[in-house]
Amino acid sequence: MRLEKVRAIAGKDLAVLRRRPNLLVSLLLFPIVVGIGLPLILDITVSRHHTTFASLLPLTDAFGFFFLILVVVLTTTLAAYAIVGEKVERSLEPLLATPTTDGEILLGKTLGAFLPPLGATYLGLGLFMALVDAFSRASLGYYLYPDATIAVFAGLGAPLAGLFSVEINVIVSSWAADVRSAQQFGSLVILPFIALYVAGEIGLVTLDTNAVLVVAGVLAILDLVLFFVSRGLFRREEILTRWR
Amino acid sequence: MIETQGLTRRFGERTAVDDLTFEVKDGEVFGLLGPNGAGKTTTVRMLAGLIRATGGTARVGGFEVGSPEGAQHVREIAGVVPDNVGLYEPLSAYRNLDFFGRLYGCQEPRRGENIRRLLGQLGLWEERDRPVATYSKGMKQKIAIARALVHEPKVLFLDEPTANLDPEASLAVRELLLEVRKEGRTVLLNTHNLDEARRICDRIGILKTRLVALGTPEMLSGTVHGRRTAIRLEAVTPAVLEAVRALAPREVRAEGDRLLLDLADPAAETPGIVAAIARAGGRIREVTEESASLEEVYLKYVREGR
Ligand SMILES: Nc1ncnc2c1ncn2[C@@H]1O[C@H](COP(=O)(O)OP(=O)(O)O)[C@@H](O)[C@H]1O
Ligand SMILES: [Mg+2]
C-alpha cells in the first residue's frame, strides 16, 4: 500500500467535489438545517409549553445520535459516485490502467467519500451545540455542550459510522450499474442506525455514553472487516466488461 | 516489446479475439486494422493488463500479462489511450495529467517537466488551468494522449484515437502520433482508418477476430494482385486490345483510354507489350505501374476473413 497513491486518489475526488456545486450544496444543506433546526425546536418547545431546558435534557442525549445518522445519510450520496461515477464518466478504465492496486484505489476512494460528509456533519454539530448553549445558558446556568456523550458521538461514533457507510456503499457501487441504483441500495445502510435510534426512543436500549462506546467498538471491527471484504469483491475485469 | 502466442478471449459463447500471434519490435509502430467488433479493443485491453485472456499468452516488455504481478509491471511501463477519453471533466488539464503522473509514480520535478513539455508540444500550455469540460473533442483527445505519455512509457496503446474526431482534429492527432513515433516509443495503434494506418504504421495486422493478414503496408498491397501496369493511349482500339491479348498477360482490362494489365514480371514483359501496341497502330501516352491500394487489400481480407 503506497500512501502517496491513496492520497492522490482521495485528493482528486475532493478536487472534483469542490467543482460540483450541486453535490456540495446537498452535502452542506442538511447538516446546516439540522444544526439550526433542532435547537430552534427545543427553544420553541420551551417557550410554548412553559417548560425548562432542564426537563428536556433526556431528549438532548438522543440528538447526538441524530448526527451519527446524518453522517451515514450524507455518505451514501457521495460514496455512490465513488466508483459508479467514474464508470459513467468513463474514467475508470484509464485509472485501472495505472499501476495502482485494488487496495490503494479502494482506500483512496473511501477517504475521498468519507472526509467531506464528516466535515459537513461536524459543521452541523458545531452549529447545534453553539445554538443550544446560547438558548439554554440562562436557564441552566451552565453550558450544556460539549459534554462526554456528544464527544464520544462526534469523536468515535460519527467517523466509524461514516466509514461503515462508505465501505458498504463502495461495495455496492462496484457492483451496481448506475449511480441511482447504487444510492438506493447503499442507502439501506441507514436502517440499522434508525432501528437503534428508535429502540433508544422507546426505551429498549439507553443510548448513553456506554452504549455509544459499544456501538463504536462494533463499528470499528466491522469497518476493518469490510475493507478486506470490499477488496476481495473488487473485480477490475468485471467492472470493465460487465458495464458497457 | 510485445509478443503474443495464440492469444484468445471469449465472452461467454462469443469469441472476441481468436488465436492471435504476432510480435511488435522495440520502437516499432504497429497498427491493428479492423472493422467494428473485430476485437481491437479486447486485444489492447488484454495487452495492457486490464482484462485476462481466456487462452494463449502475451508478453509486454518481457512481462507476462496473464499473471497478476506481470500485469502490474506492464501497467507501469505502458500508457493507454482507451476508446473513450474518460478525463475528469471538472478538473483542469494540468490537474488531470498531474493526477495520472502521481499514480504512475512519476515524481516531481520530472512530473511537472513532462506535463509542461507535453502541453507545450500540444499547444495547450496556455489552456492548462481551464476545466477539461470546456475543451473541444480534439483537445480532449490530445490530453488523453498526453495522459498516457506523462510517465514516459516504453509502450503506448492507442484505441482508435481519431475515431470520433472531425477531419481537422484527426489531422492534429495524427501529427501528434508522428511526433510520438519520432521519439522511438513502441506503439500499438488500433484503427479502422486505412490512411491513418498507412501513414503512421511500420507494419499492419488486419484483424477480424483472427489475424487475417500481417505485413508492411507495401507488402500487404503486393499480396492482392501483382503490381498492375497501366498504359494510357490516345484510344484503345480493338486491334490494340487483340495485340496485347495475344501476348497473354494474366488479365487485360480496358478502362476508358487506359489498358490495365496484371503482369507477372512487369520489367521483362512491358517492352514487348509496348512494341506490340505500336505495331497495332496504338499511340502510347504514358506507361505507369501501380500497386493495389491498402483499401483494396483491406476489403479483400476483411471479406474473406468473414
Ligand atoms: N464485455 C464484453 N462482453 C461481451 N462481449 C464483448 C465484450 N467486449 C467485447 N465483446 C464482443 O467482442 C467482439 C470484439 O469487440 P471489440 O474488442 O470491442 O472490437 P473492436 O474494438 O474491434 O470494435 C464484439 O463482438 C463484441 O461484441
Ligand atoms: Mg473498439
Side-chain angles (χ1 to χ4, degrees), chain A residues 1-24 78 81-109 111-112 116 231-232 234-244, chain B residues 9 11-12 16 41-42 44-54 63 68-69 71-92 95-96 98-108 111 131-133 140 143-145 147-148 150-151 153 157 159:
Chain A
M1 187 81 69
R2 292 154 297 187
L3 286 182
E4 73 270 19
K5 303 211 176 183
V6 173
R7 212 170 48 213
I9 292 172
K12 189 276 294 171
D13 278 1
L14 294 179
V16 169
L17 176 64
R18 271 204 300 279
R19 286 167 187 77
R20 287 198 193 281
N22 292 342
L23 216 51
L24 215 53
L78 211 54
Y81 276 91
I83 288 175
V84 189
E86 296 244 9
K87 180 65 202 177
V88 172
E89 315 267 316
R90 302 270 179 180
S91 51
L92 201 58
E93 185 162 356
L95 180 62
L96 292 176
T98 64
T100 315
T101 63
D102 296 350
E104 288 158 0
I105 291 177
L106 286 170
L107 191 56
K109 291 266 153 206
L111 289 179
R231 205 169 65 168
F234 190 72
R235 297 262 181 276
R236 353 179 118 221
E237 165 142 5
E238 248 119 275
I239 291 174
L240 282 184
T241 56
R242 216 159 39 88
W243 303 332
R244 288 202 298 150
Chain B
R9 170 73 206 210
F11 291 102
T41 299
T42 305
V44 155
R45 283 178 164 184
M46 285 191 285
L47 293 177
L50 284 164
I51 65 174
R52 279 167 177 262
T54 50
F63 301 110
E69 309 78 51
Q72 177 81 7
H73 283 298
V74 171
R75 290 198 285 269
E76 259 155 34
I77 60 159
V80 182
V81 181
D83 51 2
N84 273 286
V85 289
L87 295 161
Y88 298 109
E89 301 256 332
L91 302 183
S92 70
R95 191 76 171 75
N96 268 278
D98 184 67
F99 173 60
F100 278 88
R102 283 171 199 266
L103 292 190
Y104 277 110
C106 181
Q107 304 294 334
E108 292 287 12
R111 187 166 73 235
V132 168
K140 286 181 189 172
I143 297 296
I145 296 173
R147 177 184 64 193
V150 70
H151 59 302
F157 294 106
D159 195 0

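All chains are named by letter (A, B, ...) in the order of the sequence lines, taking the proteins before the strands, and each is independently numbered beginning at 1. Heavy atoms only: backbone and side chains are in, while hydrogens, waters and symmetry mates are out.
- Counting heavy-atom pairs closer than 4.5 Å to chain A, the top-ranked of the candidates B/Val81, B/Thr42, B/Val85, B/Asn84 is B/Asn84.
- Within the 4.5 Å cutoff, the side chain of B/Arg102 has no heavy atoms near those of the A/Arg7 side chain.
- Looking at B/Tyr88, only its side chain comes within 4.5 Å of chain A, counting heavy atoms on both sides.
- In terms of heavy-atom proximity, A/Gly11 sits nearest to B/Arg95 at O-NH2, 3.4 Å.
- Of the inter-residue distances, the one linking A/Leu96 atom CG with B/Arg45 atom CZ reads 9.5 Å to the nearest 0.5 angstrom.
- When B/Asn96, B/Ile77, B/Ile51, B/Val80 are compared by the number of non-hydrogen pairs under 4.5 Å with chain A, B/Ile51 comes out ahead.
- Residue B/Phe157: no heavy atom, backbone or side chain, is found under 4.5 Å from chain A.
- Neither the backbone nor the side chain of A/Glu104 comes within less than 4.5 Å of any heavy atom in chain B.
- Only the side chain of A/Arg2 comes within contact range of chain B, with at least one heavy atom under 4.5 Å from a heavy atom of that chain.
- Interface remark: B/Val74 contributes no atoms to any contact with chain A (heavy atom separation under 4.5 Å).
- Interface check for chain A: of the options B/Phe11, B/Phe100, B/Tyr104, the most heavy-atom pairs under 4.5 Å are formed by B/Tyr104.
- You'll find the side chain of B/Leu50 stays beyond 4.5 Å of the side chain of A/Arg236, heavy atoms only.
- Side-chain contact between B/Phe99 and A/Leu95 is present, with at least one heavy-atom pair separated by less than 4.5 Å.
- In terms of heavy-atom proximity, A/Arg20 sits nearest to B/Pro90 at NH2-CG, 4.1 Å.
- Considering every non-hydrogen atom in both A/Pro94 and B/Gly86, the closest pair reads CG-O, 3.8 Å.
- One distance of note links CD1 of A/Ile105 with CG of B/Leu103; it measures 8.0 Å at 0.5 Å rounding.
- In this structure a side-chain-to-backbone donor-acceptor pair under 3.5 Å is present from B/Gln72 to A/Pro99.
- Under a cut-off of 6.0 angstrom, the local environment of CZ in A/Arg19 is crowded, with over 12 non-hydrogen atoms contributed by other residues, nucleotides or ligands.
- Counting heavy atoms from C-beta on, the side chains of A/Lys12 and B/Leu91 come closer than 4.5 Å.
- Between B/Arg111 and A/Glu4, none of the side-chain N atoms (NZ, or NE/NH1/NH2) sits under 4.0 Å from a carboxylate O, so this pair counts as no salt bridge.
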